[in-house]
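One structure below.
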Amino acid sequence: MKPRVRFAPSPTGELHVGGARTALFNWLFARKHQGSFILRFEDTDIERNRPELIEPILESLRWLGLDWDEGPFFQSQRLALYRAYAERLLKAGQAYRCYCTLEELEEKRRQALRAKHKPKYDGHCRSLSPAEQKRYESEGRQPAVRFKAPQTGITIVQDLIRGRVEFDNSELDDFILLRSDGRPTYNFAVVVDDLDMRITHVIRADEHLNNTPKQILLYQALGHGQALPQFAHVPMVLAKDRTKLSKRHGATAVLEFRERGILPEALLNHLARLGWSYGDQEIFSRAELIEKFSLEAVHPAAAIFDEEKLLWLNHHYIMTGDPKRLGRLVCEFALERGLLSESEAKSIPDERFSAVVALLKERKRSLVELAEGALPFLTDRLEYDPKAVERFLTADRAALLRSIADALQRVAAENFRTSILEERVRVHLESQGLTLKDAAQPCRVALTGLMAGPGLFETMEFLGKRRVIERLEWAIEKMRQMGDPLTAEG
RNA sequence: GGUCCCAUCGUCUAGUGGCCUAGGACGCUGGUCUCUCAAGCCGGAAACAGGGGUUCGAAUCCCCUUGGGACCGCCA
């Protein structure tokens, strides 16, 4: 039987890295076993639902390349199904109507908490007489439907990651199946849907392990004990301070990482290695992930999301990725961030973008760094680092740059190639009794405005003769201006 | 408070009783290369939470303690 798995987010928040990893594990499992990956929105909480979040969640999955085979389904559109199942349980005496009000229940919970007891429903409506039911109905009370949970015995969860976990049924209470307005609660909707969608493997976050016995009991009450899926509860992803990821931890949402210039393959790789490993291997292509993933190899302990390592992976994928694609991404980034105007971007050929990626990729860890770093190479809007200018574009070095500019002027534009330029400049400097060390930094600052960057001759080749000469001339002029008053006084 | 889960370098992890004087990766750090910064290469510091067992032998098995986490809603 082909496995059928599902990812079931609720649209109450953005897709964060923890949810994304759960989705990834499901997806990998489905792809590895040629099964189906089903997407389902658990949107029965009308108060907390935010429909505008659905598209970003879909977009997050698309961006990561986690394509689903069925869905997205919406629980809010399947209410009749849950009611039918509830009706069955009611008829079979496995569930009952509860007329307790929210206020009554809240008061009982408070009392239990005050007495330091576990708050459990007291079964007040469990065995109401028809007359009592009538009386409540006549008061206009809308009943909820509760599950008649067994109060003795144990329920065993066989978990692919945790092993065998036992729960004492006496820990359970008669939890709500349908709210008084007829909407299902989480535990009920999950079981009905997993059953209806013929889910074979429930791969979800650790926090649901405690819900599992309730769900198993529901499968059994529904007469589908045999259809019980395999469970795999994956560990949580925690923030640096070992607490649940939340807004205050900075970027946690998948789309924020995209905005920060993280490549999807880097995030995917990092997510996969959180709680899962394959020997000492760190780098995994999508295909390798599918090939090598297994639930048995998932480490049971919670993991902390390490942004430094993500950046390292991102750098790796920048280094090894297709420059054409990265060039396009850099262009998009520069546009989105307003680093380049539409017309500027249009005037720059695609090859320039892939070339600038090749030029800079060794020292850039994100698309943001790449896009920002590319500006002095793609445009003539240079930002001179004041410290760099102060240190290297000094008046006494004007003559040095002058001679280099003159030497370069004698190199034909088509010979502005790294190796040729290096040869010519070195020879020129030697003839003056100088070394590259004396000239490289002033040149670099003149050409890029920065103290750090690609090799000097790579930079020259990229910029081309016209721009190199222009920038040198401009710098020389500046240096002379700065020098003039001093020499006049001296 | 109850129930359940978890526990190897700062972080991600390898390890399934002897191959472990505990391996890899990120980060940190020393060196090297060098026109700068990176990248690369070579090296270093850095962990089995604690205590009891079991065993000839324990990071590995059991128990307790401690610490973290989750759940205990007409939230999911």
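Letters A, B, ... mirror the listed sequences (proteins, then strands); counts begin at 1. Heavy-atom basis, side chains included; hydrogens, waters and symmetry copies ignored.
- Judged by distance alone, with hydrogens and angles left aside, N210(A) brings a side-chain donor or acceptor within reach of the base of rA70(B), the pair sitting under 3.5 Å.
- The interatomic distance linking I304(A) (CD1) with rA7(B) (C1') rounds to 12 Å, in whole Å.
- With rU13(B), rA39(B), rG10(B) as the choices, the nucleotide that has an atom nearest any side-chain atom of M319(A) turns out to be rA39(B).
- C100(A) comes within 4.0 angstrom of a base, heavy atoms only.
- A distance of about 41 Å separates the P atoms of rU21(B) and rU34(B), rounded to the whole Å.
- Put simply, S277(A) has a side-chain N or O that comes within less than 4.0 Å of OP1 or OP2 on rA14(B).
- Note on ring orientation: taking the six-membered ring where Trp is involved, the planes of F41(A) and F74(A) are parallel (angle under 30°, cut-offs 30° and 60°).
- The nucleotide whose nearest atom lies closest to any side-chain atom of P300(A) is, among rG73(B), rC12(B), rA7(B), rA7(B).
- Using a 4.0 Å heavy-atom cutoff across all strands shown, R109(A) reaches sugar-phosphate atoms only and no base atom.
- Ring orientation note: the planes of Y384(A) and W474(A) are close to parallel, at an angle under 30° on the 30°/60° scale.
- Comparing the same atom, C1', in rC20(B) and in rC72(B) gives a spacing of 43 Å after rounding to whole Å.
- A gap of 16 Å separates the C1' atoms of rA47(B) and rC28(B), to the nearest Å.
- Proximity of K361(A) to the phosphate of rA38(B): no side-chain N or O atom is located under 4.0 Å from OP1 or OP2.
- Each of rU3(B), rC6(B), rC5(B) was ranked by its minimum atom distance to the side chain of L209(A); first place goes to rC5(B).
- With distances taken from any side-chain atom of S10(A) to the nucleotides rA76(B), rC12(B), rC6(B), the minimum falls on rA76(B).
- Base pairing annotation: rC61(B) forms a Watson-Crick or G-U wobble pair with rG53(B), both donor-acceptor distances under 3.5 Å.
- Using a 4.0 Å heavy-atom distance criterion, R48(A) is classed as a base contact.
- When the side-chain nitrogen and oxygen atoms of R365(A) are compared with OP1 and OP2 of rA38(B), none of them lie within a distance under 4.0 Å.
- Under a 3.5 Å cut-off, the side chain of N49(A) and the backbone N or O of D43(A) do form a donor-acceptor pair.
- Across all strands shown, rU21(B) forms no Watson-Crick or G-U wobble pair with both distances under 3.5 Å.
- rU16(B) is unpaired under the criterion used here, namely a Watson-Crick or G-U wobble arrangement in which both key atom distances are under 3.5 Å.
- Atom-to-atom, CZ of R444(A) to C1' of rU34(B) comes out at 11 Å; the value is rounded to the nearest Å.
- In this structure, K292(A) fails the cation-pi test against F284(A), since its NZ or CZ atom is not both closer than 6.0 Å to the six-membered ring centre and inside 45 degrees of the ring normal.
- Between rU8(B) and rG73(B), the two P atoms lie 31 Å apart (nearest whole Å).
- Within the 4.0 angstrom heavy-atom criterion, base atoms lie near L102(A).
- Among rA76(B), rU13(B), rC12(B), the nucleotide with an atom closest to any side-chain atom of K309(A) is rC12(B).
- If you look at F457(A) and F416(A), their ring centroids are not closer than 6.0 Å.
- Picking from rU36(B), rA70(B), rA7(B) the nucleotide with the shortest atom distance to the side chain of A301(A) gives rA7(B).
- Nucleic acid contact for E308(A): sugar-phosphate only, since backbone atoms but no base atoms lie under 4.0 Å from a heavy atom of the residue.
- Counting any heavy atom pair closer than 4.0 Å across all strands shown, T435(A) reaches no nucleic acid atom.
- With hydrogens and angles left out, the side-chain atoms of D159(A) and H233(A) include a donor and acceptor closer than 3.5 Å.
- In this structure, R146(A) forms a cation-pi arrangement with Y121(A), its terminal cationic atom sitting closer than 6.0 Å to the ring centre and no more than 45° off the ring axis.
- Remark on RNA chain B: of its neighbouring residues L456(A) and K120(A), the 5'-side contact belongs to L456(A), judged by nearest-heavy-atom nucleotide.
- Look at CZ on F231(A): it is 16 Å from C1' on rC5(B), rounded to the nearest Å.
- Across the C1' atoms, rC9(B) and rA59(B) are found 13 Å apart, a figure rounded to whole Å.
- In this structure, the CG atom of D174(A) is 15 Å from the C1' atom of rG73(B), given to the nearest Å.
- Among the protein residues, F175(A) comes within range of no part of the nucleic acid, since none of its heavy atoms lies under 4.0 Å from any strand.
- Residue P235(A) is classed as having no contact, given no heavy-atom separation below 4.0 Å to the nucleic acid.
- Remark: P of rA39(B) and CG of N314(A) are 14 Å apart, rounded to the nearest angstrom.
- At a threshold of 4.0 angstrom between heavy atoms, the contacts of H270(A) with the nucleic acid are absent.
- Under the Watson-Crick and G-U wobble criteria, each requiring two contacts below 3.5 Å, nucleotide rC9(B) is left unpaired.
- Using a 4.0 Å heavy-atom cutoff across all strands shown, N211(A) reaches at least one base atom of the nucleic acid.
- For H299(A), the listed nucleotide lying nearest its side chain is rA14(B); candidates were rA14(B), rU36(B), rA76(B).
- With C1' as the reference atom, rG53(B) and rA58(B) are 12 Å apart, rounded to whole Å.
- At a threshold of 4.0 angstrom between heavy atoms, the contacts of H233(A) with the nucleic acid are absent.
- With a 3.5 Å ceiling on both atom-pair distances, the Watson-Crick or G-U wobble partner of rG1(B) is rC72(B).
- If you check every strand for non-hydrogen atoms under 4.0 Å, L105(A) touches a base.
- Residue-to-nucleotide contacts include a donor-acceptor pair under 3.5 Å from the side chain of R363(A) to the base of rC37(B).
- Using cut-offs of 30° and 60° for the angle between ring planes, the F37(A) and F7(A) rings count as parallel.
- Taking atom P in both rG44(B) and rA49(B), one finds a spacing of 25 Å when rounded to whole Å.
- For rC74(B), the base has no donor-acceptor partner in the side chain of T185(A) [N/O atoms by modelled type, under 3.5 angstrom].
- One N or O donor and one acceptor, one from the side chain of E282(A) and one from the base of rG24(B), sit under 3.5 Å apart.
- We find that CE of M236(A) is positioned 14 Å from P of rC12(B), with the value rounded to whole Å.
- For the C1' atom pair drawn from rG30(B) and rA14(B), the interatomic distance equals 27 Å after rounding to whole Å.
- The nearest whole Å value for the distance from the CD atom in E104(A) to the C1' atom in rC74(B) is 13 Å.
- Nucleic acid contact for E166(A): sugar-phosphate only, since backbone atoms but no base atoms lie under 4.0 Å from a heavy atom of the residue.
- Atom CG of N269(A) is separated from atom P of rC12(B) by 16 Å (rounded to the nearest Å).
- For W312(A) and M451(A), each mapped to the nucleotide of RNA chain B holding its nearest heavy atom, the one lying further toward the 5' end belongs to W312(A).
- Less than 6.0 angstrom separates the ring centroid of H208(A) from the ring centroid of Y186(A).
- No more than 12 heavy atoms of other residues, nucleotides or ligands sit less than 6.0 Å from atom CD of E383(A).
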